[in-house]
Amino acid sequence: MNGRITVPVPVNEPVRSYAPGTPERRELQAELARHDGLDPLDIPLIIGGEEVRTGDTERAVAPHDHQRTLAHWHQAGPTEVGRAIEASKSAWQEWSRMSWEDRAAVFLRAADLLAGPWRQRVNAATMLGQSKTVHQAEIDAACELIDFIRFNVHFAEEIASQQPRSPSGMWNRLEYRPLEGFIYAVTPFNFTAIAGNLPAAPALMGNVVLWKPSTAAMYSNYLVMKIFEEAGLPPGVINFVPGDPPTVTEALIDHEDFAGLHYTGSTSVFKQLWKKIGDGLDGYHNYPRIVGETGGKDFIVAHASADPEAVKTAILRGAFEYQGQKCSAVSRVYLPEGMWSEIREPLLRETEAIAMGDPTDFRNFMGAVIHEASFEKVTGYIDRAAAASDAEVIAGGTYDDAKGWFVRPTIIETTNPQYESMREEIFGPVVTVYAYPEEEWEETLRLVDQTSPYGLTGAVFSRDRAEARRAMDMLRHAAGNFYVNDKPTGSVVGQQPFGGGRASGTNDKAGSSMNLLRWVSARSIKETFVPATDYRYPSMAEDEE
């Protein structure tokens with residue numbers, strides 16, 4: 001008989017500095033140099049633990065050097081998707097019945113592998129394949145994914161400990177069962193950590209998963225899958241099925257054993273998937289769980305009392321880190337006219353001075369946007385702003401796709417708070433500033449709340465506590481992650497569970513027990529020690545005369 005099992009208490013993985021002279025800098029530079037001599041990687045599907053090569057391949061390229069082929073990855077067709085479903089069904093029989101601590105051990109080993117021998121391999125792949133700087137890769141591909149895994153195990157333990165009362169004569173308990181069927185994990189390009197967490201979180205809870213990675217993050221995502229395998233994940237628990245999104249999605253969502261969707265991506269695609277799932281309800285064994293984190297139109301609003309230097313720094317980091325390709329990136333800014341006059345020129349100077357280029361040059365603050373379609377979308381907003389009568393491009397505004405998809409960090413100033421770049425998600429290094437009259441603070445807060453359909457992240461800057469509180473109250477539903485005197489990016493697992501409402505998703509808070517609860521179906525069990533042997537109740541007795 002074992003004692004009461006407890007898992008290691010999670011602590012956020014320390015972010016390494018990669019400053020000159022540090023061992024991690026030398027290790028990562030060596031790993032990047034090793035890649036220079038490698039032939040393109042051949043990335044297969046992984047179905048039931050077997051590598052499957054279809055011969056129908058696409059290129060994975062470096063966004064900052066799009067002639068550099070990093071890998072060729074094989075695409076799944078309907079046949080391979082069908083094989084993956086069967087593999088997951090076979091794996092479900094044992095995995096769903098395995099003790100949660102044994103499942104936890106697999107993922108805790110994966111976290112340690114990533115923290116140790118795999119760290120620089122995954123960081124380098126993220127830098128090359130997704131054009132992330134060393135700092136952005138470290139906080140994402142290493143630290144956040146390690147944190148997701150370790151904290152998820154801790155949250156699973158907390159969930160298992162939530163048990164009902166048991167009065168005398170009985171024993172009541174809750175069993176947290178995995179869902180019947182498979183989970184479809186659709187992951188984005190912008191965070192390697194999210195790509196790893198979306199299949200891993202349901203799997204930890206006993207589910208089996210079909211993982212369709214983003215076509216623009218194949219290089220790093222394949223390595224994450226290999227880490228799971230090395231950690232001892234049984235074949236078929238997570239099946240790695242890259243491919244054409246409509247082809248893969250249709251085969252999976254139409255299947256009777258489809259049990260849930262774990263999604264991060266665009267709002268429009270999520271709505272289409274939700275509609276398709278609704279149309280298929282009559283064909284499923286259960287009601288599928290739908291968990292999604294989608295777009296954002298994230299804001300900074302400053303009160304007149306705010307620290308101008310803090311606001312300026314929050315704009316620079318919040319809008320331009322990772323080329324603005326974060327769901328949480330600052331995209332619209334509301335400043336009092338006096339503050340805007342004070343910080344406008346310093347902000348423009350610092351924006352123009354931002355170093356941009358190949359992320360393997362550690363001096364760069366920015367890399368390239370992810371692909372040609374993104375480049376064309378972002379530059380379209382810039383071009384329209386340059387020609388608009390109610391908007392002006394005041395910093396950046398230039399771009400070049402000759403070698404990589406590079407867009408200079410761009411600031412638009414508008415006199416129209418309803419201008420398109422104040423309302424629509426751009427997902428690039430473009431931020432729009434609207435200067436409001438200081439006496440219109442409350443009107444501006446209402447404007448922030450009502451301008452965009454999204455509700456993901458936002459920040460208020462104020463040294464007046466009463467006005468900070470006013471903003472928190474008036475913007476209660478405008479952001480699922482709300483920041484006071486800080487940029488609205490950089491949530492940390494275990495500290496700021498992430499997710500938003502409105503058009504930004506289901507707000508099931510990745511990095512918390514709320515998300516994990518979506519991947520289990522509880523069973524209440526009542527055990528009576530001495531069962532009744534007479535059906536009659538005392539109230540049925542005759543009255544005594």
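Everything numeric in this text was worked out from a predicted model, so none of it was measured.
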Sequence-distant partners of [X], side chain to side chain contact (heavy atoms under 4.5 Å, CB included), two or more places apart:
{"X": "E50", "result": "R83"}
{"X": "D112", "result": "R150"}
{"X": "T398", "result": "R408"}
{"X": "E425", "result": "F427, Y454"}

Distance check, rounded to the nearest 0.5 Å: [X] atom [atom1] versus [Y] atom [atom2]?
{"X": "L28", "Y": "N123", "atom1": "CG", "atom2": "CG", "value": "6.0 Å"}
{"X": "L210", "Y": "F258", "atom1": "CG", "atom2": "CZ", "value": "10.5 Å"}
{"X": "T264", "Y": "E293", "atom1": "OG1", "atom2": "CD", "value": "5.0 Å"}
{"X": "K276", "Y": "L261", "atom1": "NZ", "atom2": "CG", "value": "12.5 Å"}

**Report entry** salt bridge (Lys or Arg N to Asp or Glu O under 4.0 Å) assessment of E24 paired with R26
**Finding:** CA-CA 5 Å; E24 64 266 18; R26 290 191 294 269; over 6 Å; no
Review item, side-chain donor-acceptor pairs of residues 237-245, under 3.5 Å, at least two apart:
from: N239; atom 1: OD1; to: G48; atom 2: N; distance (Å): 2.8
from: N239; atom 1: ND2; to: G236; atom 2: O; distance (Å): 3.0
from: D244; atom 1: OD2; to: T247; atom 2: N; distance (Å): 3.3
from: D244; atom 1: OD2; to: T247; atom 2: OG1; distance (Å): 2.8

Query raised in the report: Got a sec, which pairs hit salt bridge (charged side-chain N to carboxylate O under 4.0 Å, His left out) with one end in residues 346-355, sequence neighbours left out?
Result: K312-E350
Query - Where at least one partner belongs to residues 365-376, residue pairs that pass salt bridge (charged side-chain N to carboxylate O under 4.0 Å, His left out), sequence neighbours excluded - result: none
Query - Qualifying side-chain hydrogen bond (donor to acceptor under 3.5 Å, both in side chains) pairs, either residue in residues 193-208, two or more places apart - result: N152-N197
Query raised in the report: Which of these passes side chain to side chain donor-acceptor pair (under 3.5 Å) with Q130: T192, D140, N190?
Result: T192
Report task. Using ring pair (Phe, Tyr, Trp, His ring centres under 6.0 Å) as the criterion, list what pairs up with H135, not counting sequence neighbours. Result -> none
Report summary line: Residues passing the ring pair (Phe, Tyr, Trp, His ring centres under 6.0 Å) test with Y219, sequence neighbours excluded, are H35
Query raised in the report: For the residue pair F151 and F155, does the interplanar ring angle fall in the parallel (under 30°), tilted (30 to 60°) or perpendicular (over 60°) class?
Result: tilted
Query raised in the report: Would you call the rings of Y399 and F375 parallel, tilted or perpendicular, where under 30° means parallel and over 60° means perpendicular?
Result: perpendicular
Report task. For R121, enumerate each residue passing the salt bridge (charged side-chain N to carboxylate O under 4.0 Å, His left out) test, keeping only those at least two apart in sequence or located in another chain. Result -> none
Query raised in the report: With sequence neighbours excluded, what pairs up with H66 under the side chain to side chain donor-acceptor pair (under 3.5 Å) test?
Result: none
Requested in this report: Establish, yes or no, whether a centroid distance under 6.0 Å links the rings of H262 and W519.
Outcome: yes
